[in-house]
Every structure is written in structure tokens, then in C-alpha cells.
2 protein chains.
Amino acid sequence: MDQHAIQDDLTRQVNCTCFNLRKATRAVTQYYDRMIKPSGLRGTQFTLLAALSEMKAITITHLADFLMMDRTTLTRNLRPLQKQGYIERSMGDDQRRREIRLTPKGVAIYQNAKPLWEKAQSVLITRMGEATLKDLLKALSETVSAVE
Amino acid sequence: MDQHAIQDDLTRQVNCTCFNLRKATRAVTQYYDRMIKPSGLRGTQFTLLAALSEMKAITITHLADFLMMDRTTLTRNLRPLQKQGYIERSMGDDQRRREIRLTPKGVAIYQNAKPLWEKAQSVLITRMGEATLKDLLKALSETVSAVE
DNA sequence: CCATAATACGTGAATATACACCTAATTGAA
DNA sequence: TTCAATTAGGTGTATATTCACGTATTATGG
């Protein structure tokens with residue numbers, strides 16, 4: 001390959017949707033994790049507790065659908081939360097279903113972490129601007145639609 | 001909490017930058033992985049080979065800086081590539097440095113996978129539109145700046 | 001020259017992700 | 001009613017990610 005072809009490769013690679021998304025996600029995840037760390041939670045764990053706090057009880061499959069997450073990923077992400085006693089599982093009427101809900105301890109830590117998440121979110125919005133956030137969410141939504 | 005507060009929580013949570021970024025990254029990563037799978041590579045592995053194909057030899061730390069990736073993450077991501085014989089490592093002049101470069105086998109699989117990546121990229125751009133891609137990359141860039 | 005700081009890198013431990021495959025319970029059609 | 005298809009869920013295996021910590025090498029100031 002000559003230099004022009006190499007340069008073309010580099011340019012295209014730098015614009016790779018997957019690479020850029022992963023890069024941004026790494027940076028933003030680290031930011032949220034730092035901000036929420038005093039609560040003892042990860043950003044991803046906060047997301048799960050927040051979702052569960054909006055619902056009485058829900059099955060793994062339904063929660064995975066709601067969060068657009070692979071079911072088996074969710075199963076494993078719930079493990080640390082169960083180990084810490086933040087959630088509990090029980091059989092549903094249908095013996096195939098496992099219902100998940102927050103424990104009082106889980107509600108407490110969620111309430112404890114919420115201000116930290118609020119702060120993380122508001123600081124980020126201040127820094128990037130509301131317009132950019134709006135653009136980002138719109139672009140992300142359209143991107144997800146494009147790969148489905 | 002009353003119903004209004006719950007609704008507020010849900011609305012804010014749904015707009016969480018971290019959650020939405022992670023969600024989109026999951027979807028896009030799965031898409032690229034599906035498209036590139038015939039080559040035997042993951043999308044992330046293709047990215048590493050592509051970066052290495054642009055350079056003669058590079059240290060772990062420098063490559064991690066270039067890709068804006070944690071150094072220890074990169075160390076571990078390089079392992080499967082080395083196990084497959086796609087890259088090789090050698091001591092630099094400075095005995096602390098380990099230099100990484102593509103092997104001929106690595107060049108070959110990269111060339112083999114490149115059309116698959118090109119296809120994945122072009123199909124995605126067709127579906128989402130060039131304007132949306134441009135918006136996405138701009139928003140991602142501004143977001144990364146905001147958390148640094 | 002030598003002690004110390006800085007640099008380069010690896011490992012342990014934990015979470016995050018997902019595909020392929022398996023089991024158990026329920027449903028539904030012959 | 002019975003048995004095959006569907007549904008709900010877990011496990012094995014592999015990669016991806018990062019923080020805290022440790023080791024080895026080089027650079028540097030006194």
C-alpha cells in the first residue's frame with residue numbers, strides 16, 4: 001500500500017462508529033463511576049437500581065427488554081447487587097419466572113446514590129451544554145435504530 | 001415519593017448520558033461483531049490490528065494513548081491477538097519498553113477483515129445517513145471533552 | 001556515584017458483555 | 001390428553017474494562 005492508501009485507511013478508521021462510541025463510553029463511564037463512587041456503586045449498578053426503583057417486581061427477561069440489554073448480561077450484572085443484599089429474587093406464579101425487586105437496603109443505597117448521580121449529570125450537562133446533550137441523545141437513538 | 005416524583009426520576013434516568021451511551025455501544029458493537037465475524041475477529045480486535053497496521057512498532061503505553069484506552073485494558077486486549085499469532089512483542093532499546101507489531105499473519109487477517117469492516121461501516125452510514133454520523137461523531141467528541 | 005524519582009509494564013480482583021448451549025416449566029395442537 | 005414447540009432462565013467460555021498495587025528499568029539531582 002502506498003502512503004495515500006494508508007492515509008485513507010487511517011482517516012476511515014478514525015471515523016469508525018464503533019470505535020468512537022466505545023471510546024466515548026469508556027470516558028463517560030469512568031466519569032460517572034468516579035462521581036458515584038462515594039456511594040459504593042458503579043454507574044451501571046445505579047442504573048439497575050434506578051430502573052428497579054420504578055417498579056414493584058419484574059422478571060429478568062422483562063427488565064432486560066426494558067433496558068435493551070442481553071438477558072444473560074443482566075443476570076450477571078444483578079449478581080453483585082444480590083450479594084450486597086440490594087435486591088432479592090423470588091419465584092413468580094409461573095415457576096419459570098424469577099421476580100426481582102429492591103430490598104429496603106437497596107432502596108436506601110439508591111436514595112443515597114441519587115444525589116451523586118444528579119450531580120454527575122448536571123455537571124456534565126453544564127460542561128457540554130444542553131444542546132449538545134440533546135444532539136447526542138438524538139444521534140444515539142438514530143444510530144441504535146440503524147443497527148436493529 | 002408520589003407519582004410525579006417517580007415520573008421525574010424515570011424521565012431523568014432515561015436521559016442519562018452514561019446509560020444511553022452504553023446502550024448504543026452495546027447495539028453497535030453487536031452489529032460490527034456480526035458483520036466482521038466471518039473473518040474470525042471481533043470489532044475491537046479489528047480496531048487494534050488497524051491501528052497497528054499504520055505503524056511499524058509501538059509501545060503499549062503509546063498505543064494506549066493513541067487509542068485513548070487504559071494501558072492495562074490494552075495489555076489484556078492484545079493477549080488473544082498474540083495467542084492467535086497476529087502480533088508479536090519484543091524488547092525495545094529501553095529494557096522497560098515492549099514493542100508490538102503485526103506479524104505477516106496479522107497483516108493477512110487484517111486485509112481479510114477490512115472489506116467486512118468497510119461493508120459494516122458503509123451499510124450503517126447508508127441506514128443512519130451521513131449527516132447523523134457527522135452529528136454523532138461531533139457530539140461524542142464534545143462529550144469526551146466534557147468529562148476530561 | 002548513589003539514592004530517589006519517574007517511567008514502563010504486569011497482575012489480582014472485580015465488574016460488564018454476549019454467544020452457544022442446556023434445563024425446566026408451560027402452552028397448545030393433534 | 002399427550003407430546004412437541006415455546007418460553008424463562010442459567011452456565012460455560014471468552015473477551016472487554018479498570019483500579020489498586022507491585023516490579024523492573026531508567027533518569028536525575030546532590
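All chains are named by letter (A, B, ...) in the order of the sequence lines, taking the proteins before the strands, and each is independently numbered beginning at 1.
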Problem set entry | D33(B) CG to dC19(C) P, straight-line distance once rounded to whole Å | 8 Å
For this session: Could you tell me whether the phosphate oxygens of dT17(D), OP1 or OP2, come under 4.0 Å of any side-chain nitrogen or oxygen in Q30(A)?
Result: no
For this session: Report yes if a donor N or O on one partner sits less than 3.5 Å from an acceptor N or O on the other, where the partners are the side chain of R71(A) and the base of dG10(D); otherwise report no.
Result: yes
For this session: List the atom of M35(B), the atom of L116(B), and the distance in Å for their closest heavy-atom pair.
Result: O-CB, 3.8 Å
Exercise. Quick one: the side chain of R96(A) and the base of dT7(D), do they pair up donor-acceptor inside 3.5 Å?
Worked result: yes
Exercise. Mapping T25(B) and Q84(A) to their closest nucleotides on DNA chain C, which lands nearer the 5' end?
Worked result: Q84(A)
Exercise. How long is the line joining CG of L74(B) and C1' of dT18(D), in whole Å?
Worked result: 13 Å
Problem set entry | Y31(A) and E148(B) side chains, donor-acceptor separation under 3.5 Å | no
Seminar exercise, completed: note: L41(A), atom CG; dT18(D), atom P; distance rounded to Å ~ 19 Å
Exercise. Hey, are R101(B) and S90(B) close enough side-chain-wise for a donor-acceptor pair under 3.5 Å?
Worked result: yes
Problem set entry | 4.5 Å side-chain heavy-atom contact, F46(B) and C18(A) | no
Problem set entry | Given dT18(D), dA16(D), dG10(C), the nucleotide with the shortest approach to the side chain of R98(B) | dG10(C)
For this session: Return the minimal non-hydrogen interatomic distance between E99(B) and A57(B), and the atom names on each side.
Result: OE1-CB, 4.1 Å
Exercise. Does T72(A) make a side-chain N or O approach to OP1 or OP2 of dG9(D) shorter than 4.0 Å?
Worked result: no
For this session: Go through the steps to decide whether E142(A) and K138(A) satisfy the test salt bridge (Lys or Arg N to Asp or Glu O under 4.0 Å), and finish with yes or no.
Result: CA-CA 6 Å; E142(A) 288 172 358; K138(A) 184 165 177 285; 3.3 Å; yes
Exercise. Counting any heavy atom closer than 4.0 Å, what does T59(B) reach on the DNA or RNA strands: base, sugar-phosphate only, or nothing?
Worked result: sugar-phosphate
Exercise. To the side chain of I60(A), which of dG9(D), dT17(D), dT17(C) is closest?
Worked result: dG9(D)
Exercise. Within the structure, does a side-chain N or O atom of Q95(A) lie under 4.0 Å from either OP1 or OP2 of dG9(D)?
Worked result: no
Exercise. For dG9(D), does either OP1 or OP2 sit under 4.0 Å from a side-chain N or O belonging to T75(A)?
Worked result: no
Problem set entry | Length of the CG-C1' vector between L48(B) and dA16(D), whole Å | 11 Å
For this session: Nearest-nucleotide wise, let me know which of H62(A) and K83(B) is further upstream toward the 5' end of DNA chain D.
Result: H62(A)
For this session: Can you tell me the distance, in whole Å, between the CG atom of D93(B) and the P atom of dT26(D)?
Result: 10 Å
For this session: Using only side-chain N and O atoms of K37(B), determine if any of them is under 4.0 Å from OP1 or OP2 of dT15(D).
Result: no
Exercise. How close or far is atom C1' of dA8(C) from atom CG of D70(B), stated in whole angstroms?
Worked result: 14 Å
Exercise. Toward the 5' end of DNA chain C, which comes first, D94(A) or T73(A), by nearest nucleotide?
Worked result: T73(A)
Problem set entry | Value in whole Å for how far the C1' atom of dT17(D) lies from CZ of F19(A) | 15 Å
Exercise. Is any side-chain nitrogen or oxygen of R22(B) closer than 4.0 Å to OP1 or OP2 of dT17(C)?
Worked result: yes
For this session: State which of dA16(D), dT17(C), dG9(D) makes the closest approach to the side chain of R26(B).
Result: dT17(C)
Problem set entry | I58(A) CD1 to dA8(D) P, straight-line distance once rounded to whole Å | 12 Å
Exercise. What nucleotide, of dA16(C), dT15(D), dT11(C), holds the atom closest to the side chain of R79(B)?
Worked result: dT11(C)
Exercise. When you measure from the side chain of N77(A), which nucleotide among dC9(C), dA16(D), dT17(C) comes out closest?
Worked result: dT17(C)
Exercise. dG10(C), dG10(D), dG12(C): which one has an atom nearest the side-chain heavy atoms of R76(B)?
Worked result: dG12(C)
